[in-house]
Amino acid sequence: HTSYCSSNLLGSTKAVLFIVSEQSASLHDEFSELLQKAKDMNVGSFAVWHKKLPSLDPSLESLIFRNQLVDFSNPDEFNRSVSSLSIGLLKVARGDTQLEEEVEEEAVIEELTDPADMTTHAYVFLSFDPTDKEIAAEIEDIFSQNEIKCKLSVDSIKANSKHILHSSCCIVFLSNTSMKSKKVQDHVALAENHKKPILPLFLSDIDLNPANQYTFAEVPKFYYDPTSVQQLIRAAEVNLRIMNIRSSLLKHEASSA
């Protein structure tokens, strides 16, 4: 029973293994509470896809994608998934509950101690699936013409984490392929977790998954057309100005200390 587990067992538990199935998904309120408590208590959590479900409760799906996700629903990925889960559980058993990505995030955050560094890295981050790289290059060129620097998504997890955390905002290119991209979903989760503004750029008319519906529910939406791209530029400029103001305030506080 999840309420019993939450109150009595999490304190002495090293890891939570959550099996994502139709039955567990139907109890989304209970399991969302359990996964959130595990996260708050720094208990390692692993979400295991037993079967890919067409839809999930947005809050539960958001928590699932923010834990280590292991996919057993695809027979072709079974051996790799078993290996990933085994390595993750071994790290937890040894007391290392942080994933590699989280360690890299902390290292990047430690670099953000110099207020002047905020203006040095005044740019926007472009997150996209490789199939949309030509459009990303086009948007980068348009932004450059408007004197806005961009950092584009690359293969390195460490580089992407650093670029997202240093950026003024994250522009996510939304297409049918990017919705299935784990890398793009990781970028959204990282930006969201560190309260980085996220600006969605719709490349086509697509249906968002429940987690992304939740993420983008109250943010402006932009589309791949000349008028909307100009609006996107204005939104990026606003976030850059906010970063410059924050930098000035931090410099003032540092000089007054």
Side-chain angles (χ1 to χ4, degrees), residues 52 54-55 58 61-62 65-66 69 71 74 101 104-105 108 120-244:
K52 284 291 181 65
S55 63
E61 184 164 4
S62 178
F65 277 107
R66 281 150 184 75
L69 185 61
D71 187 2
N74 184 355
E101 293 92 334
E104 290 172 348
E105 287 174 25
V108 172
T120 303
H121 298 278
Y123 55 79
V124 299
F125 180 78
L126 307 185
S127 173
F128 55 91
D129 184 81
T131 57
D132 301 320
K133 63 181 180 181
E134 291 184 1
I135 298 178
E138 177 187 343
I139 295 297
E140 180 191 22
D141 183 59
I142 294 173
F143 273 50
S144 178
Q145 294 173 23
N146 286 269
E147 299 183 347
I148 299 176
K149 295 180 181 179
C150 297
K151 293 286 187 181
L152 276 65
S153 171
V154 294
D155 291 333
S156 167
I157 293 175
K158 184 174 182 179
N160 286 330
S161 297
K162 181 174 182 178
H163 292 160
I164 291 171
L165 293 176
H166 278 295
S167 69
S168 61
C169 63
C170 180
I171 297 176
V172 182
F173 290 63
L174 297 178
S175 64
N176 288 321
T177 50
S178 69
M179 284 294 89
K180 301 174 184 177
S181 168
K182 182 181 183 300
K183 182 171 73 171
V184 172
Q185 295 298 325
D186 286 345
H187 295 167
V188 172
L190 176 60
E192 191 173 21
N193 287 343
H194 291 280
K195 303 193 183 326
K196 284 288 179 182
I198 304 174
L199 305 177
L201 176 60
F202 287 82
L203 304 184
S204 59
D205 186 15
I206 62 171
D207 293 325
L208 296 176
N209 60 45
N212 288 137
Q213 289 177 13
Y214 181 82
T215 298
F216 302 130
E218 298 182 1
V219 299
K221 296 176 179 60
F222 304 93
Y223 300 90
Y224 184 49
D225 64 65
T227 300
S228 195
V229 168
Q230 288 301 313
Q231 294 171 344
L232 178 62
I233 291 171
R234 302 288 85 81
E237 288 175 338
V238 168
N239 283 288
L240 285 166
R241 285 199 294 270
I242 291 173
M243 170 169 274
N244 288 333

Please round to the nearest 0.5 Å and tell me the distance separating atom [atom1] of [X] and atom [atom2] of [Y].
{"X": "Phe222", "Y": "Gln230", "atom1": "CZ", "atom2": "CD", "result": "11.5 Å"}
{"X": "Leu240", "Y": "Ser167", "atom1": "CG", "atom2": "OG", "result": "9.5 Å"}
{"X": "Leu174", "Y": "Lys221", "atom1": "CG", "atom2": "NZ", "result": "10.0 Å"}
{"X": "His163", "Y": "His187", "atom1": "NE2", "atom2": "NE2", "result": "10.5 Å"}
{"X": "Asp132", "Y": "Ser175", "atom1": "CG", "atom2": "OG", "result": "3.5 Å"}
{"X": "Leu201", "Y": "Ser228", "atom1": "CG", "atom2": "OG", "result": "7.0 Å"}

Does [atom1] in [X] sit with more than 12 non-hydrogen atoms of other residues, nucleotides or ligands closer than 6.0 Å?
{"X": "Asp207", "atom1": "CG", "result": "no"}
{"X": "Glu147", "atom1": "CD", "result": "no"}
{"X": "Asp141", "atom1": "CG", "result": "yes"}

Heavy-atom distance under 4.5 Å between the side chains of [X] and [Y], does that happen here?
{"X": "Leu190", "Y": "Leu165", "result": "yes"}
{"X": "Phe202", "Y": "Leu208", "result": "yes"}
{"X": "Lys151", "Y": "Leu126", "result": "no"}
{"X": "Gln185", "Y": "Lys180", "result": "no"}
{"X": "Phe173", "Y": "Ile139", "result": "yes"}

To check you understand the geometry: which heavy-atom pair defines the closest contact between [X] and [Y], and what is its length?
{"X": "Lys196", "Y": "Ile164", "value": "CE-O, 3.5 Å"}
{"X": "Arg234", "Y": "Asn146", "value": "NH2-OD1, 3.7 Å"}
{"X": "Val154", "Y": "Lys183", "value": "O-NZ, 3.5 Å"}
{"X": "Asp129", "Y": "Val184", "value": "N-CG2, 3.9 Å"}
{"X": "Ala191", "Y": "Cys170", "value": "CB-CB, 4.2 Å"}
{"X": "Cys150", "Y": "Glu140", "value": "CB-CG, 4.0 Å"}

Report the C-alpha distance between Leu203 and Ile135 in whole Å, list the side-chain angles of each, state the deciding distance to 0.1 Å, and finish with yes or no for side chain to side chain contact (heavy atoms under 4.5 Å, CB included). CA-CA 9 Å; Leu203 304 184; Ile135 298 178; 3.9 Å; yes
Worked verdict on His166 versus Phe125 for ring-ring contact (aromatic ring centres under 6.0 Å, His included): CA-CA 9 Å; His166 278 295; Phe125 180 78; over 10 Å; no
Side chains of Thr177 and Thr131: is there a donor and an acceptor less than 3.5 Å apart?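 Side-chain D/A pair, Thr177 to Thr131: present.
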Answer yes if the side chains of Glu138 and Tyr224 hold a donor-acceptor pair under 3.5 Å, and no otherwise. yes
Side-chain (Ser178) to main-chain (Ser181) donor-acceptor, under 3.5 angstrom: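 Answer holds: no.
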Quick check: does any side chain N or O of Ser153 sit under 3.5 Å from a backbone N or O of Ser127, one acting as donor and the other as acceptor?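 No; zero donor-acceptor contacts below 3.5 Å.
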So among Ile171, Ile148, Leu199, Val124, which one has a side-chain contact (heavy atoms from CB on, under 4.5 Å) with Asn239?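 Of the listed options, the one satisfying the test is Leu199.
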Check step by step if side chain to side chain contact (heavy atoms under 4.5 Å, CB included) holds for Leu232 and Tyr223. CA-CA 9 Å; Leu232 178 62; Tyr223 300 90; over 6 Å; no
